[in-house]
> 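Quick one: structure below, then a few questions.
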Amino acid sequence: MYDSEKREKLIHHFAAMTGGFFGGYTIVNHCDIFGNAQTANMIKMVKDLLYGDFAVLPFLLLCFLVYVAGNIFSVVSRRLIHADPKIVSFFVTAAAIVIIGISPAVSNDYLALAPIFFAAPVQWNAFSFAAGYTSSTIFSSNNLRIATTSLTSYIMTKNKAELDKAKFYWTTLLFFHIGVALSCIVSIYLSVAGIWFAFIPLILTVFVYCYRT
């Protein structure tokens with residue numbers, strides 16, 4: 001039995017597990033490309049442009065535009081459809097898994113990851129906030145920063161609010177990397193076909209979201 005805050009946190013943590021699965025899957029199966037974010041791709045775009053290396057520049061630009069489109073879709077769907085962004089994210093994530101799963105023969109790594117480049121920002125916008133905390137479910141840098149600073153603050157001040165915050169962010173990191181571990185394990189045996197196992201954390205997230213006490 002969960003109160004509303006515990007349930008909200010658990011939804012967020014399972015969503016982070018989905019984000020971790022996508023992150024691990026993309027890095028293991030597609031030349032260390034991190035499909036959940038654009039920072040490395042944008043750096044590579046600038047580098048390739050300045051060095052005159054145009055071989056993958058069109059694909060980098062395409063993935064950048066797909067990621068932007070995912071963010072635009074999040075705003076448009078919220079304003080026009082008026083559906084819960086989490087529900088929208090569930091459907092978009094499921095669609096990304098299916099599209100990748102039925103088209104494993106795409107040889108270009110960037111094109112193969114286009115569905116994740118779209119689904120990741122949709123998830124980020126839908127699960128950016130939980131139980132009073134702002135937290136990403138698709139990457140970990142800021143979560144690690146807050147987890148560390150909150151724990152340090154608690155050790156110094158014994159402020160229980162800082163301990164609660166630290167627990168939330170460390171747990172988010174834990175679930176994210178459980179998702180990473182799952183993706184790595186299935187990729188060892190199934191390679192790109194392991195994407196179907198992304199339904200495990202997704203279904204868990206949907207289950208807790210739909211669960212009512």
> If hydrophobic clusters are built by linking Ile, Leu, Val, Met, Phe, Trp and Tyr wherever their side-chain heavy atoms come under 4.5 Å apart, do Tyr51 and Ile43 end up in the same one?
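Different hydrophobic clusters.
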> Tell me whether Ser191 contacts the main-chain N or O of Ser187 through its side chain, where contact means a donor paired with an acceptor under 3.5 Å.
no
> Report yes if the side chains of Leu204 and Val208 come closer than 4.5 Å at any heavy-atom pair, otherwise no.
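The answer is no; the side chains never approach within 4.5 Å.
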> Go through the steps to decide whether Asp164 and Lys160 satisfy the test salt bridge (Lys or Arg N to Asp or Glu O under 4.0 Å), and finish with yes or no.
CA-CA 6 Å; Asp164 290 341; Lys160 188 178 182 300; 3.2 Å; yes
> So with a 6.0 Å cut-off around CZ of Phe129, is the heavy-atom count from everything else above 12?
yes
> Any chance the rings of His12 and Phe168 have centres within less than 6.0 Å?
yes
> Could you give the distance from CH2 (Trp170) to OG (Ser150), rounded to the nearest 0.5 Å?
10.0 Å
> With side-chain contact (heavy atoms from CB on, under 4.5 Å) as the criterion, how do Phe54 and Leu49 come out once you've worked through the C-alpha distance, each side chain's angles and the decisive distance to 0.1 Å?
CA-CA 7 Å; Phe54 304 119; Leu49 186 63; 4.0 Å; yes
> What's the separation between atom CD1 in Ile138 and atom CZ in Phe176, rounded to the nearest 0.5 Å?
8.5 Å
> Could you go through Val98 and Phe199, starting from their C-alpha distance and side-chain angles, then the distance that decides it, and tell me whether this counts as side-chain contact (heavy atoms from CB on, under 4.5 Å)?
CA-CA 10 Å; Val98 171; Phe199 272 115; 3.9 Å; yes
> Taking Phe21 as the starting point, is it possible to reach Leu173 by hopping between hydrophobic residues whose side chains are less than 4.5 Å apart?
no
> Determine whether the aromatic ring centres of Tyr133 and Tyr169 lie less than 6.0 Å apart.
yes
> Hey, could you give me the CD1/OG1 distance between Ile200 and Thr205, rounded to the nearest 0.5 Å?
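It is 11.5 Å, given to the nearest 0.5 Å.
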> On the six-membered ring of Phe90, is Lys86 placed so that its NZ or CZ lies under 6.0 angstrom from the centre and within 45° of the ring axis?
no
> What class does the angle between the rings of Phe59 and Tyr110 fall in, given that below 30° is parallel, 30 to 60° is tilted and above 60° is perpendicular?
parallel
> Using a 3.5 Å distance criterion without hydrogens, assess whether the side chain of Gln123 forms a donor-acceptor pair with backbone atoms of Ser89.
no
> Minimum heavy-atom separation for Thr148 and Leu144, please, with both atom names.
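Scanning both residues completely, I find the closest heavy atoms to be OG1-O, 2.8 Å.
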> Would you check, one step at a time, whether the test side-chain contact (heavy atoms from CB on, under 4.5 Å) holds for Phe73 with Val92?
CA-CA 10 Å; Phe73 175 80; Val92 171; 3.7 Å; yes
> Do Thr93 and Thr18 touch side chain to side chain, with heavy atoms closer than 4.5 Å?
yes
> Would you mind reporting whether Ile116 and Leu113 have side-chain heavy atoms less than 4.5 Å apart?
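Yes, their side chains come closer than 4.5 Å.
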> Same hydrophobic cluster for Phe175 and Tyr209, using side-chain heavy-atom links shorter than 4.5 Å among ILVMFWY?
yes
> Examine Ile33 and Val46 and state if one hydrophobic cluster contains both, with Ile, Leu, Val, Met, Phe, Trp and Tyr joined whenever side-chain heavy atoms are less than 4.5 Å apart.
no
> Whether the side chain of Thr26 engages the backbone of Gly35 through a donor-acceptor N/O pair (distance < 3.5 Å, no angle test) should be reported.
yes
> By the definition side chain to side chain contact (heavy atoms under 4.5 Å, CB included), identify the one residue from Val192, Leu182, Asn36, Ile97 that meets it with Tyr25.
Val192
> Nearest 0.5 Å, what's the CG-CG distance between Leu57 and Leu62?
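Here the rounded value is 11.5 Å.
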> Please say whether more than 12 non-hydrogen atoms of neighbouring residues, nucleotides or ligands are located less than 6.0 Å from OH in Tyr189.
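Counting other residues, nucleotides and ligands, OH of Tyr189 stays at 12 neighbours or fewer.
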> Taking all atoms of both residues into account, what is the closest heavy-atom pair of Gly194 and Val186, and its distance?
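Shortest heavy-atom contact: O-CG2, 3.8 Å.
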> Donor-acceptor check, side chain of Arg7 to backbone of Tyr211, threshold 3.5 angstrom: yes or no?
yes
> Any idea which heavy atoms bring Ala96 and Ala119 closest together, and the distance?
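Result for this residue pair: CB-CB, 3.9 Å.
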> Give the minimum heavy-atom separation between Leu111 and Pro115, together with the two atoms involved.
O-CD, 4.1 Å
> Does any non-hydrogen side-chain atom of Val75 lie less than 4.5 Å from one of Asn71?
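No, their side chains stay 4.5 Å or more apart.
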> Nearest 0.5 angstrom please: Met42 CE to Leu61 CG, how far?
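It is 12.0 Å, given to the nearest 0.5 Å.
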> Please find the pair of heavy atoms, one from Glu5 and one from Ala131, that lie closest to each other, and give the distance.
CG-CB, 3.8 Å
> Do side-chain atoms of Asn159 reach the backbone of Ser153 as a donor and acceptor pair under 3.5 angstrom?
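No, because the side chain of Asn159 does not come within donor-acceptor range (under 3.5 Å) of the backbone of Ser153.
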> Could you check Phe34, Phe117, Tyr67 and say which one makes a side chain to side chain contact (heavy atoms under 4.5 Å, CB included) with Asn41?
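Only one option passes, and that is Phe117.
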> Assess whether side-chain hydrogen bond (donor to acceptor under 3.5 Å, both in side chains) is satisfied between Asn143 and Thr172, documenting all intermediate values.
CA-CA 8 Å; Asn143 290 336; Thr172 301; 5.5 Å; no
> Write down the atom of Val106, the atom of Ala112, and the distance for their closest heavy-atom approach.
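It is CG1-N, 3.6 Å.
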> Once rounded to the nearest 0.5 Å, what's the spacing between atom CE of Met45 and atom CG of Leu50?
12.0 Å
> Treating Ile, Leu, Val, Met, Phe, Trp and Tyr as nodes and any side-chain heavy-atom pair under 4.5 angstrom as an edge, say whether Phe139 and Leu174 lie in one connected cluster.
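They do share one cluster, since a chain of ILVMFWY contacts under 4.5 Å joins Phe139 to Leu174.
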> Are any side-chain N or O atoms of His13 and backbone N or O atoms of Lys9, one a donor and one an acceptor, separated by less than 3.5 Å?
yes
